[in-house]
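First the structure, in the form of structure tokens, and then the observations on it.
Side-chain atoms are counted along with the backbone in the values below, which use heavy atoms only and exclude waters and symmetry mates.
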Amino acid sequence: MATEKCFAKGSAAPGPVSKGNIRLYSMRFCPYAERTILVLKAKGIKYETINIHLREKPDWFFQMNPLGLVPTLETSDGEVIYESPITCEYLDDMYPDNKLLPSSPFGRAQQKMMLERFSKVAPLFYKITFARRNGEDISELETELKEKLDKLNKELNIKKTKFFGGDSITMIDYMMWPWFERMEVFELQHCLENTPELKKWMECMLEDPAVKATMISKDFQKAFHLSYLDGKPDYDYGL
């Protein structure tokens, strides 16, 4: 992981990306950016990182990505790619060693459909956390999350495989992992009580070298999460 403090409003723009390298604009605690980092690590791609202050973004970053979001990739040719699934697919296409997406059109379509389903799961983590913080009733939201996790568990049970794309890690596993890594941080471990296959998948993911290389300590994650809930996210926590 990068250890550099984030670039904020008023920061000078970094220089051009060196030849043969690729630059990732990130934020150390962002699960969406972690998707891209996992793919970079899994494929052994040489890269450099610029962390962005997401509450006080530099003007030059908007010139690069009009949405002002991470992850964003920049190549030495000045090409810019953003949105986490798009950056990950780009990396898999540009660096063909250790392919993470299936070779068949149907296999790729299956993973994209599953990612679309998971896109309805991830927001619940935040909805529950903020509702709990505000003293609201979270029972319905937790029930909804448990139902969606149960569907993922059943999918693994039907497949009879270690991972969602087979017996080795594929792109879809990396796309979902950052939220499961944060289960304890979000205080949602109890939502996994009746998902034995999903728990096994998590155990397998924890053994993956890219996952090990990408994880930030839980203490750091929890401290950042609390600062985020307080409305004053400390993007440089621990540096």
Side-chain angles (χ1 to χ4, degrees), residues 22 24-26 30-45 47 65-67 69-75 79-127 144-183 191-192 195-211 214:
I22 193 164
L24 170 68
Y25 294 90
S26 183
C30 175
Y32 294 96
E34 185 178 342
R35 287 173 162 176
T36 310
I37 296 169
L38 284 165
V39 172
L40 287 161
K41 297 285 188 185
K43 295 178 74 68
I45 300 169
Y47 71 102
N65 178 348
L67 300 177
L69 300 176
V70 297
T72 296
L73 293 174
E74 182 184 12
T75 72
E79 300 166 330
V80 175
I81 306 97
Y82 49 85
E83 296 293 339
S84 59
I86 298 172
T87 62
C88 293
E89 185 173 355
Y90 169 85
L91 291 170
D92 205 40
D93 287 340
M94 282 299 294
Y95 300 86
D97 290 345
N98 189 19
K99 292 290 286 185
L100 293 172
L101 282 166
S103 57
S104 74
F106 179 62
R108 293 169 78 99
Q110 281 185 309
Q111 294 223 350
K112 289 180 179 181
M113 289 186 291
M114 188 168 186
L115 181 57
E116 181 62 25
R117 295 197 299 275
F118 185 73
S119 71
K120 310 299 189 296
V121 179
L124 287 170
F125 286 72
Y126 303 100
K127 288 180 181 179
E144 184 181 355
L145 178 60
K146 288 176 182 178
E147 288 172 353
K148 292 186 184 303
L149 294 176
D150 182 61
K151 288 179 181 178
L152 290 175
N153 186 75
K154 287 177 180 175
E155 187 153 349
L156 281 172
N157 196 36
I158 292 169
K159 288 175 182 288
K160 304 296 183 186
T161 57
K162 291 182 180 179
F163 302 100
F164 282 96
D167 283 322
S168 59
I169 288 182
T170 59
M171 187 69 80
I172 189 61
D173 299 296
Y174 287 138
M175 294 297 97
M176 297 192 296
W177 171 250
W179 285 267
F180 287 93
E181 179 188 328
R182 290 161 173 77
M183 274 285 182
C191 292
L192 292 166
T195 59
E197 300 307 316
L198 204 48
K199 286 181 181 178
K200 290 177 187 175
W201 170 77
M202 291 175 67
E203 291 172 3
C204 290
M205 290 297 292
L206 285 169
E207 294 302 313
D208 177 65
V211 168
T214 304

**Report entry** W177 side, atom CH2; T214 side, atom OG1 - distance, nearest 0.5 Å
**Finding:** 11.0 Å
Report summary line: Separation between CD1 (I37) and OG (S84), nearest 0.5 Å, reads 11.5 Å
Query - Validation row: K154, K151 side chains within 4.5 angstrom (heavy atoms) - result: no
Report task. Indicate yes or no: at least one non-hydrogen side-chain atom of F125 is less than 4.5 angstrom from one of V121. Result -> yes
Query raised in the report: Charged N to carboxylate O under 4.0 angstrom, K146 versus D150?
Result: no
Query raised in the report: Could you state the interatomic distance from CG (L115) to CE (M171), rounded to the nearest 0.5 Å?
Result: 10.0 Å
Query raised in the report: So which heavy atom on V70 is nearest to which on C30, and how close?
Result: CG2-SG, 4.0 Å
**Report entry** T195 side chain reached by L152 side chain, heavy atoms, under 4.5 Å
**Finding:** no
Report summary line: So CD1 of I81 and OH of Y90: to nearest 0.5 Å the spacing works out to 4.0 Å
Query raised in the report: Any donor and acceptor pair, going by atom type alone, linking the side chain of K43 with main-chain N or O of Y95 inside 3.5 Å?
Result: yes
Query - Interatomic spacing from CG in L198 to SG in C191 - rounded to 0.5 Å - result: 11.5 Å
Requested in this report: Answer yes when E203 and K200 have at least one side-chain N-carboxylate O distance shorter than 4.0 Å, and no when they do not.
Outcome: no
**Report entry** Test log, rule side chain to side chain contact (heavy atoms under 4.5 Å, CB included), inputs M183 and F180
**Finding:** CA-CA 5 Å; M183 274 285 182; F180 287 93; 3.9 Å; yes
Query raised in the report: Under 3.5 Å, is there a donor-acceptor pair between the side chain of R182 and the main chain of P178?
Result: yes
Query raised in the report: Side chains of R35 and P71: closer than 4.5 Å at any heavy-atom pair?
Result: no
Query raised in the report: If only atom types and distance count, is the side chain of N153 paired as donor or acceptor with the main-chain N or O of E197 below 3.5 Å?
Result: yes
Report task. Report yes if the side chains of Y174 and M205 come closer than 4.5 Å at any heavy-atom pair, otherwise no. Result -> yes
Query raised in the report: Taking 4.0 angstrom as the limit, do K99 and D92 come out as a salt bridge?
Result: yes
Query - N98 to A42 - nearest heavy-atom pair and separation - result: ND2-O, 2.7 Å
Query raised in the report: Crowded around K127 NZ? As in, over 12 foreign heavy atoms under 6.0 Å?
Result: no
Query - E34 side, atom CD; K41 side, atom NZ - distance, nearest 0.5 Å - result: 11.0 Å
Query - D173 side-chain N/O to T170 backbone N/O, donor-acceptor pair under 3.5 Å - result: yes
**Report entry** Check against side chain to side chain contact (heavy atoms under 4.5 Å, CB included), T72 and T87
**Finding:** CA-CA 7 Å; T72 296; T87 62; over 6 Å; no
Query raised in the report: Under the side chain to side chain contact (heavy atoms under 4.5 Å, CB included) criterion, do N65 and Y25 qualify, and how do the steps go?
Result: CA-CA 10 Å; N65 178 348; Y25 294 90; over 6 Å; no
Query raised in the report: Is the side chain of K159 donor-acceptor paired with the backbone N or O of F164 at a distance under 3.5 Å, no angle test?
Result: yes
Query raised in the report: Can you find a heavy atom in the side chain of F118 that is under 4.5 Å from one in the side chain of M175?
Result: no
Query raised in the report: Any salt bridge between R108 and E89, counting N to O under 4.0 Å?
Result: yes
Query raised in the report: Which is it for I172 and F163 under the side chain to side chain contact (heavy atoms under 4.5 Å, CB included) test, yes or no, and what are the steps along the way?
Result: CA-CA 9 Å; I172 189 61; F163 302 100; over 6 Å; no
Query raised in the report: Is any NZ, NE, NH1 or NH2 atom of the basic residue among K162 and E207 found under 4.0 Å from an Asp or Glu carboxylate oxygen of the other?
Result: no
